[in-house]
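A short write-up of the structure that comes next.
Quick note on labels: first sequence line is chain A, next is B, and so on, each numbered from 1. What you see below is based on every heavy atom in this structure, not just the backbone, and it leaves out hydrogens, waters and symmetry mates.
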4 protein chains.
Amino acid sequence: MTIRVTIWNEYRHEKEKPEIAAIYPDGLHAAIGNGLTGSDFQVRFATLDETEHGLTDEVLADTDVLTWWGHKAHREVDDAIVARVQRRVLDGMGLVVLHSGHHSKIFKTLMGTTCNLKWREATDKERLWVVNPSHPIVDGIGEYIELPQEEMYGEFFDIPQPDDLIFVSWFTGGEVFRSGCCYQRGQGKIFYFRPGHESYPTYHNAEVLRVIANGVKWAAPVAGPVPNFGLTGPNAPLEPLPAR
Amino acid sequence: MTIRVTIWNEYRHEKEKPEIAAIYPDGLHAAIGNGLTGSDFQVRFATLDETEHGLTDEVLADTDVLTWWGHKAHREVDDAIVARVQRRVLDGMGLVVLHSGHHSKIFKTLMGTTCNLKWREATDKERLWVVNPSHPIVDGIGEYIELPQEEMYGEFFDIPQPDDLIFVSWFTGGEVFRSGCCYQRGQGKIFYFRPGHESYPTYHNAEVLRVIANGVKWAAPVAGPVPNFGLTGPNAPLEPLPAR
Amino acid sequence: MTIRVTIWNEYRHEKEKPEIAAIYPDGLHAAIGNGLTGSDFQVRFATLDETEHGLTDEVLADTDVLTWWGHKAHREVDDAIVARVQRRVLDGMGLVVLHSGHHSKIFKTLMGTTCNLKWREATDKERLWVVNPSHPIVDGIGEYIELPQEEMYGEFFDIPQPDDLIFVSWFTGGEVFRSGCCYQRGQGKIFYFRPGHESYPTYHNAEVLRVIANGVKWAAPVAGPVPNFGLTGPNAPLEPLPAR
Amino acid sequence: MTIRVTIWNEYRHEKEKPEIAAIYPDGLHAAIGNGLTGSDFQVRFATLDETEHGLTDEVLADTDVLTWWGHKAHREVDDAIVARVQRRVLDGMGLVVLHSGHHSKIFKTLMGTTCNLKWREATDKERLWVVNPSHPIVDGIGEYIELPQEEMYGEFFDIPQPDDLIFVSWFTGGEVFRSGCCYQRGQGKIFYFRPGHESYPTYHNAEVLRVIANGVKWAAPVAGPVPNFGLTGPNAPLEPLPAR
């Protein structure tokens, strides 16, 4: 079954800084989209500076999984759009939050915490170790993914304890990080995946793209029950009593 | 060590409806406070109609654990106070959310979900079964707590999966409910405990009060690390490399 | 991708008791197999009284997911076969444990607990409520599954806390039960699903069969990493130090 | 309330190797016991070479929390004693498993997995990062504990996903490890804590001893329900039906 994916990107660094554009000439979103090809996926893009950030009701209704990359303009994202995305996630749309998206309004809203962390831009090497080798998100992945240079993110990462912890990162400088985290919220599923600082070619790494593709598949909605809430019938009768 | 507890109550039903006042003449908060006596606890009260809902910076700074009961006036709680309480929870203050507090702004903010559920006021009996007999919250409790009459709350309860599930409720009418749920958020701990509709004498039940007292003890802050967030030093150096 | 399923059945009740044979004339396993048709599944059967209980090294090597139903002859299952199945689960084979399989040697070995519970054969109705509507195991299922008559299983169910809790059962007589439980063990995944007493036509229920089919899909192995254990190289060198 | 602690030690390295005896002249157990002083704890010791490994029915009945250190003689531990300890844990006795105790029979039995891992004895530095700053086990601990030299343990660590993950270790050589893990099993609680290779003075480190003391307090039994299992009454009647 084809998964309808909307890849959302802040899309500012690439337009403003030549050194970032050199790495991602068509934007981070295009690079991420290169990992979601074939009949499994139908991809569209949306960016901050579009009307309604490209996330109209129509677009969201037509989206099975939304991926989110943002960094320096989190505050420019309209609260009404955030509420709209939250509603869709709770109604079943998958959400894959990437790297600095940890500080996006939508992620913080869904987590209920600050999502703060430590960080440093240096010559750190990152190794993402798999701590759950049974999970579909690590399909096709080895014992670890190694990224020669990445921004460091360090614990304490102020998130709720993940329902499933998939990756733990090691950094040269002495830090660790829970870098692949799965959550259920309502009928929706959320996957946070750490790597992807704009100044490194991380989204050209085949293993990173594979994990994102796996995450999209995992987060895709299922045809589970649509819960009924509220008063169970006016003067809702109790169950008929069983014959004894 | 004495735990400083602030018992927060909406305190409207008791003032407006004689039949509720008949059950809780001094307010629900007073009944809840009857379970938090002795040298383990130092109790104060706060209610919606006080200035800043009784939750000033000073009161919160002096509170180890806050218990929350609200029902029909959730919307009257000031957003700024909600943000203040959230901040304190993430900084370590325990939070015990009772019954209809599931729909309070503070609980929904910390959970990131709607916290919706099914409900019915009828002649349901409730049985709260213990599903984790090793947890300090069930100290002194038997295999289940039986309440002859309570409001029914039914699944699906739109909450994140609890870090620890302690009680599951059975209701006469055919429903079940995750009625004792533990969460970690930042340095703080949260316990949601279901029973306590205002029209029943639930907070005069010794076992219910025991669970709340246990929940307060469990949720009390520990002297754990205060995380540092943000840039790890300006031009933060990497760790000194080990001698080889 | 076709999933190779081995449906294991104790297959004694059906041969010894006419009233059970009347419900399952070809054995419980045949009824369970009726839910695993089509190109998604390739099914074989194995039963206790076969050589090596039908679970030779060859059969297990050719099995992606094993389902297990046993009841009164758990002790007759050879310890060496149990160890063999455990090894395969840790190496990635999925395991779906049904009903009274909770007391099988293989389930108890993988859980590390007694897996004890309460039970009663009476006129109980069972309702299995979905408490995680986002999970692939509830694809195609409504808010609850109702079984007019089933054996009662009640808490406390002595299992480790599930990684994901999917169903909670309600029984007429006043009990609840965690009746759909997911676990990761090594590279393998385990799903315990409660219903299916031999004296009721539960495995002719379309929703029950759907859940089992979903469980088999969920438990199927992924091509994740095969962990290396032990000494990391003789005199294993440290990582080359990064250039600074 | 005083917690009765039995500190179990294999006690072979210290007797056989002078260089280990130089670090732990009275045995590892004595060093561990130095962290469990004062009125909170009442400590006894037990070692492999004693009758019944020092773990008679009487000793276990008189033990609230058992700590376990073993390394090279796991196979010499009698299976009957392992079963006895497992039974006591499920009945409520706390268990704190230290370092190479990950491969003890008792830990593997309670986990249901191989508990395999990677390891290396080299000049690795270890940093144990706190990933749950709200947990009583990190009371009095900073953001991380640093050990200048320790044996490396690396992922994948073949354990069930912890109910609570408290520490994640960083090692110089490029590995990470889930080094503080909490589990509930039956009425009992289990804490696995990684550091403590016999050739390093780890159990003279005040922070390590503090974590062990905190772990003992956390794992101490509570007076929760003692579950009843099995048939709920002969011809157990259903609940009386509620008046309608």
Margin query: Heavy-atom cut-off 4.5 Å, strictly under: side chain, backbone, both or neither for D:V176 against chain A?
Written below: both
Next item on the list: Can you tell which part of D:F157 gets under 4.5 Å to a heavy atom of chain A, answering side chain, backbone, both or neither?
Entry: neither
Taking only distance into account, with no hydrogens and no angle test, what donor-acceptor pairs under 3.5 Å do side-chain atoms of residues 213-225 of chain D form with protein atoms, sequence neighbours excluded?
from, atom 1, to, atom 2, distance (Å)
D:N214, OD1, D:R210, NE, 3.4
D:N214, ND2, D:I137, O, 2.9
D:N214, ND2, D:D139, O, 2.9
D:N214, ND2, D:R210, O, 3.4
D:K217, NZ, D:D40, OD2, 3.2

Notebook entry, point to check: Which word best sums up how the rings of A:Y24 and A:Y203 line up, parallel for under 30°, tilted for 30 to 60°, or perpendicular for over 60°?
Noted result: tilted
Margin query: Measuring from atom OG1 of D:T172 to atom CZ of D:R120, what distance do you get when rounded to the nearest 0.5 angstrom?
Written below: 8.0 Å
Margin query: Consider ring-ring contact (aromatic ring centres under 6.0 Å, His included). Of A:F193, A:W68, A:Y153, A:Y200, which one does A:H99 pass it with?
Written below: A:Y153
Margin query: Counting only non-hydrogen atoms closer than 4.5 Å, does A:E155 touch chain D with its backbone (N, CA, C, O), its side chain (CB onward), both, or neither?
Written below: both
Note to self: Please classify the contact between A:V168 and chain D as side chain, backbone, both or neither, with a heavy-atom cut-off of under 4.5 Å.
What the structure shows: both
Notebook entry, point to check: Between A:W129 (side chain) and D:G174 (backbone), is there a donor-acceptor pair under 3.5 Å?
Noted result: yes
Next item on the list: Sort A:D158 into side chain, backbone, both or neither according to what part of it lies under 4.5 angstrom from a heavy atom of chain D.
Entry: neither
